[in-house]
Every structure is written in C-alpha cells, then in structure tokens.
Amino acid sequence: MDRYAVIGNPIGHSKSPQIHRLFAEQTGEQMSYEALLAPIDDFAGTLRSFLSDGLGINVTVPFKEQAWALVDQHTSAAQRAGAVNTIQRQADGSLLGDNTDGKGLVRDIQHNAGLSLAGLKILLVGAGGAARGVIQPILAAGPAQLCIVNRTVSKAEALGALFIDLGPVSAAGFQWIEEPVDLIINATSASLAGNLPEISPKLIRPGHTWCYDMMYANEPTPFNRWAAEQGAERCLDGLGMLVEQAAEAFLLWRGVRPETAPVLAALR
Ligand code: ATR
C-alpha cells in the first residue's frame, strides 16, 4: 500500500487523515494516510524515517520552515513561501518540497466562493509564515493592490519587499489604513488566543467587503464575528482552504485532482 502522512506537533486534531481518506475513496486510489507526531526536537529524524518507505508527507505547524530547509528541491511556490507543506519522495529518493497553502486559499475564494481576485483591493493582515505562504498565488490572481498590514510594521515591510517583483504589494501598520477594501484576509494567529487584530472597522464597507479568516473553528472565529458585526458581505473561514490545499497535494502525489465540494460538506 502506498503510504502518506501528515506530520506536526500537536497532530491529534488534524483533519488531514479524514480528508485524504475521503479523496482516496472518491478517486479509487489505493493508499493509506496517517497522522504522525514528531517530537519538537526531532522533526528531521521522524520525517526521514517515514519517507524511507512513505511516498509523500504533509507538514504542519510548527515544522513547515524546517521542512523547507530539509528538502532537496523546491517548487517555485515553496521557494517563495519559505515553507513547505507537501513533500514528495522522487524516484531517486530525493525530496521535492511544495507549498499548496496559497493555491488552496485562492481556489477556495475564487472557485468555491466565486469571488475573482482580479482588480480587487486586498488587505492581508499578518506577516508571519501563514501570510508569507499565500502572497505569490494571490498576486498571480491579478489584484489591483495587496497591502500587508501587521502589528509589527517592520515585518510587513520586510515581507512585502520579498514579493515586490511579482505585483502591486505594499506594507502598512494597523492604524495607517482606513479606506474600505474589497477583501480582508486574516493571516494572524490572533484567533488562536481568541484575540482580534486591531484594524479599523472603516476597512469594511457594509454589504461590499468580503472577509476571510485563514483559521477555522466549529463556531465563527472572533475575526469573522467582528467582520459580520461591521456588515461584511461574506465571512469565510479557512476550512475550505484546508480541503483545497489537501487536494493540491493529492494531485501532486497521485496525478488526479479530487472533487472537494463533497469532502468540505462532509467536514462541515
Ligand atoms: P504563523 O506561522 O501562524 O503566521 P507567526 O509567524 O508567529 O505564525 O506569525 C504570527 C502573526 O500573527 C504575526 O503577524 C503576528 O504579529 P506580529 O508580527 O506583530 O507579532 C500576528 N499576531 C499574533 N497575535 C496577534 C494579535 N493579538 N494581534 C495582532 N496580530 C497578532
């Protein structure tokens, strides 16, 4: 049986095994997919041991940057993201690192929710690894403007500088911008602690602005609750992105792209 896994710490609550099992059932691919807990101080050893036999692995928090440093080759998406969430063992044993997070986000917004990013004014909140992972695919979709805002402005500026050759990217602090935008994407980890990034409510034009929280939970996230209170047109969470990034990994590994809608419906 072809073996795949997701590796992280913690890993117990990962939905990836369920998602990939549903993909395998749907496409008739003969494969197994398990959850693998790596000790914080031995990601490399756990990864290598699995990939001596396994064909591919998804990498999640907090190991995506370490995975980037460990693989032998990077796709252009992974190169730009500085992080790897999908690894494929090649025929010669070398490891190819990809990053499908951004593709997953863009596909969820454009294909599942039906909002084309072309020509939009987009605000990306946060300047950590999660934000970096999605910038290239967003710029490739042709927005009019992508402004990275972060509590620590210097990090937004440094991040923007890495992508300036790819499109209209800029950087700002939370309080600098008050003009409404078309789409706000929350890539901060604030929701994890039940907090909100302190951005201006004026960024949301009621009945127009869409909001996307890359986090997801059983209930609406704090960011999406706040956005709904400001009258946001749509509030989406990151479950669709999770399923879409998984579908991109499945496509890389198995050469077939599964239908995501039934899997997303099953998870909801
Ligand atoms: P990740 O890999 O999830 O992106 P990270 O690299 O630690 O994690 O980045 C976390 C991001 O969330 C950063 O942009 C951080 O802002 P700072 O750079 O100013 O620290 C942001 N963040 C976390 N908690 C936040 C909060 N309560 N309000 C605003 N931003 C927050």
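In each ligand, atom 1 is the first atom listed, and ligand 1 is the first ligand listed.
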Between Arg151 and ligand 1, find which residue part has any heavy-atom pair under 4.0 Å and reply side chain, backbone, both or neither. both
Out of Ala127, Ala190, Ala83, who gets a non-hydrogen atom closest to atom 24 (N) of ligand 1? Ala190
Around atom 3 (O) of ligand 1, find the nearest protein heavy atom and jot down its residue, atom name and distance. Ala130 CB, 4.0 Å
Check: Ala131 N/O within less than 3.5 Å of ligand 1 N/O: no
Is at least one protein non-hydrogen atom found at under 4.0 angstrom from atom 7 (O) of ligand 1? no
How about Gln73 and Ser94: does a side-chain donor come under 3.5 Å of a side-chain acceptor? yes
Could an N or O of ligand 1 be found under 3.5 Å from any N or O of Thr152, whether backbone or side chain? yes
Side-chain H-bond candidate by donor/acceptor type, Asn58 with Ser16, under 3.5 Å: no
Which residue owns the protein heavy atom closest to atom 23 (C) of ligand 1, what's the atom, and how far is it? Ser189 OG, 3.3 Å
Starting from atom 21 (C) of ligand 1, what is the nearest protein heavy atom, named by residue and atom, and what distance separates them? Thr188 CB, 3.7 Å
Does any donor atom in the side chain of Asn85 or Thr100 lie under 3.5 Å from an acceptor atom in the other side chain? yes
Just which atoms of ligand 1 are under 4.0 Å from any heavy atom in Phe174? 29 (C)
Check the angle between the aromatic planes of Phe43 and Phe63 and answer parallel, tilted or perpendicular using the 30° and 60° thresholds. parallel
May I ask you to decide whether Asp237 forms a salt bridge with Arg268, counting only side-chain N to carboxylate O separations under 4.0 Å? yes
Heteroatom proximity flag, Pro197 to ligand 1, N/O under 3.5 Å: no
Is there a side-chain contact between Ile184 and Ile204 (heavy atoms, below 4.5 Å)? yes
Nearest-neighbour protein heavy atom for atom 5 (P) of ligand 1, which is reported as residue plus atom name and distance: Gly128 CA, 4.0 Å
Quick one: which of Gly173, Gly133, Gly129 has a heavy atom closest to atom 2 (O) of ligand 1? Gly129
Is it true that Asp182 and Arg205 have a side-chain N and a carboxylate O under 4.0 angstrom from each other? no
What atoms in ligand 1 come closer than 4.0 Å to a heavy atom of Gly126? 14 (O)
With a 4.0 Å cut-off on N to O distance, would you call Glu34 and Arg3 a salt bridge? yes
Closest non-hydrogen protein atom to atom 14 (O) of ligand 1, residue and atom name please, with distance? Asn150 OD1, 2.7 Å
My understanding is that only one of His20, Gln88, Arg254, Glu29 makes a side-chain hydrogen bond (donor to acceptor under 3.5 Å, both in side chains) with Tyr4; could you say which? Arg254
